[in-house]
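Heads up: the structure comes next, in structure tokens.
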Amino acid sequence: MSIEKKENELSVYESMAARYDVAARKLGLDEGLSTYLRTPNREIIVHIPVDMDDGTMKVFDGFRVQHSIARGPCKGGLRYAPNVTLDEIRGLAAEMTWKCAVANIPFGGAKGGIICDPSKLSNGELERITRRYTAEILDYIGPDRDVPAPDMNTNEQTMAWIMDTYSMHTRHTETACVTGKPLDLGGSLGRREATGRGCMITADEALKRFGWKKESTRVIVQGFGNVGSQAARLMYESGYKIIGVADISGAVFNSSGVDIARLVEYVEKHKTVQGFDGGESIGVQEILEQECEILLPAATESVITSKNAHKVRAKILVEGANSPTTPPADDILFERGVFVIPDILANAGGVSVSYFEWVQDRQGYFWTEAVFNERLKQIMVSAFDGVVAFGEKHKVNNRIAAYMLAIDRVAFCLKLRGIYA
Ligand code: GLU
């Protein structure tokens, strides 16, 4: 695939591969190794029969793509959405490999997805889909094989169902087979806010580099799901000035600062930021183009493209979401001097905390929140420093630097292990 291909035709996997190819070339990886590292180890497609509440039976398609086990068991989320595709899951699985390598945690990468619309399914139907999906992929998952976690439209309850189904088959409770579980079932303190906290830690590090103060750093957060709302709340509490927040249906802007504590209460009640009276209501596209120091996209893929990248007036982009920027937009942002903290670095707090949860489950010994937050900070700061130093050394932007650092680490392990024949 070539980076010149029309952007709207770029799939998630192709976007990943475009960046990968640039980074692999700069690292001078030989062609065979490069092809191997770009290709997933295994792709599982399952067809899940489910008894629906109305007495009919439906069949749902599900995927689990395991990209790499070079550095440890596969790790990655499971998403439920009507538009999930195998290609998307394939791209996100590879990104998990790079993300775990950037964070320097001992995991490979995977991703799963089921094509379904959770908003149209009852709790019982969701449970049956989840349990049967788990049963279908049972031989390929587990604490030493592949450890799923929540992602778009899945949550602690989904993980509890997977853990229980897996445990029923192994005949003992195996909490380390998934992460992002409820606290009482081997979940970890701080998990819920981990991705948002990780985003904030990387923003803090960027601020130190620029010598800026939080109080005068204006932030716009696009997306108010788990990642966006937690990032906005934590950044607001630590002194950043949040001037805009958007979700799928609306955006609120206030140049003197949005009261995030009040907004969180409002969203809990109304399920949207639309209609909040603490600022002016503006378009969800328009908010991306407002002047600010930090723009934090925390919703879905491809929100910053070649069509709007030249209108972005932020100085720092913190990618809370996976793949919010397309490869052509990367080039525009780089030319315009935007300091991009790429997804595989900025949102690595989620999987880092998954690692903590997995470690705690395996030890049967649980840490305090303070220990946990301190360790998260260590991981995020050293990942940030590693990426920025790599970029400076090789004179590439942060995105390519993050890919280069990750690929270098995975390739090193692969060379040590050799190819089994
Ligand atoms: N779904 C999250 C991500 O994309 C977390 C994955 C995990 O914890 O395994 O990074």
Side-chain angles (χ1 to χ4, degrees), residues 12 15-16 63-69 71-81 84 88-114 137 141-156 158-159 162-163 175-182 186-188 190-199 202 223 225-228 230-231 297-301 318-324 341-361 372 375-376 379-380 383 402 406:
V12 174
S15 293
M16 186 291 297
F63 314 107
R64 185 77 187 166
V65 175
Q66 300 178 333
H67 176 259
S68 171
I69 53 163
R71 286 171 47 90
C74 288
K75 189 82 193 79
L78 166 65
R79 58 174 57 185
Y80 290 177
V84 164
E88 173 196 12
I89 299 301
R90 187 184 286 139
L92 294 168
E95 284 183 3
M96 285 308 304
T97 301
W98 315 135
K99 195 184 295 189
C100 293
V102 164
N104 214 358
I105 55 178
F107 287 136
K111 201 82 170 192
I114 299 178
I137 62 167
I141 58 171
D144 297 307
R145 293 191 173 139
D146 178 2
V147 187
D151 199 83
M152 238 187 247
N153 300 326
T154 55
N155 54 30
E156 294 179 354
T158 323
M159 296 306 118
I162 296 179
M163 194 276 275
T175 53
C177 69
V178 280
T179 59
K181 296 177 295 295
S188 179
R191 177 72 174 69
R192 221 168 283 167
E193 58 269 23
T195 311
R197 186 180 293 283
C199 289
T202 60
N226 179 43
V227 180
Q230 298 292 351
T300 51
E301 287 123 35
V318 181
E319 294 186 335
N322 287 322
S323 297
I341 308 180
D343 48 4
I344 57 173
L345 167 62
N347 73 35
V351 75
S352 301
V353 165
S354 276
Y355 167 54
F356 297 161
E357 181 174 332
W358 178 80
V359 167
Q360 291 172 88
D361 285 338
F372 168 94
R375 290 185 178 165
L376 175 62
I379 286 193
M380 295 306 295

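Counting starts at 1 for both ligands and their atoms, in listed order. Note: hydrogens, waters and symmetry copies are ignored here, and every other heavy atom, side chains too, is used.
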Could you see which bit of [X] sits under 4.0 Å from ligand 1, with heavy atoms only: side chain, backbone, both or neither?
X: T195; result: neither
X: E357; result: neither
X: P150; result: backbone

Interfacing atoms of ligand 1 (cut-off 4.0 Å, heavy-atom, [X]):
X: G76; answer: 9 (O)
X: D151; answer: 1 (N), 2 (C), 4 (O)
X: M96; answer: 3 (C), 4 (O), 6 (C), 10 (O)
X: S354; answer: 7 (C), 8 (O), 9 (O)
X: G77; answer: 1 (N), 6 (C)
X: R191; answer: 8 (O)

Checklist entry - When you measure from atom 4 (O) of ligand 1 to each heavy atom in K75, R79, E95, K111, which option holds the nearest one? => result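 Looking at heavy atoms only, K111 sits closest to atom 4 (O) of ligand 1.
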Checklist entry - With distance as the sole criterion, is a donor-acceptor pair present between the side chains of D151 and T154 under 3.5 Å? => result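 Distance-only check fails for D151 and T154.
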Checklist entry - Without hydrogens or angle criteria, can the side chains of R192 and N155 be said to hold a donor-acceptor pair below 3.5 Å? => result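 No, because no side-chain N or O of R192 sits under 3.5 Å from a partner of the opposite role on N155.
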Checklist entry - Do R191 and E156 meet the salt-bridge criterion of a basic N to acidic O distance under 4.0 Å? => result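 Judged by the 4.0 Å cut-off on N to carboxylate O distance, E156 and R191 do not form a salt bridge.
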Checklist entry - What are the two closest non-hydrogen atoms of V12 and E301, and how far apart are they? => result CG2-OE1, 3.8 Å
Item to check | Nitrogen or oxygen atoms of N347 and ligand 1 under 3.5 Å apart | outcome: no
Item to check | Euclidean distance, T175 OG1 relative to Q360 CD, rounded to 0.5 Å | outcome: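 Answer for the CD-OG1 pair, Q360 versus T175, is 10.5 Å.
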Checklist entry - Between the main-chain N or O of I141 and the side-chain N or O of D146, is there a donor-acceptor pair closer than 3.5 Å? => result no
Next on the checklist: Tell me the protein heavy atom at minimum distance from atom 10 (O) of ligand 1, and give that distance in Å.
Outcome noted: K99 NZ, 2.7 Å
Next on the checklist: Which residue and atom name correspond to the protein heavy atom nearest atom 7 (C) of ligand 1, and how close is it?
Outcome noted: A149 CB, 3.3 Å
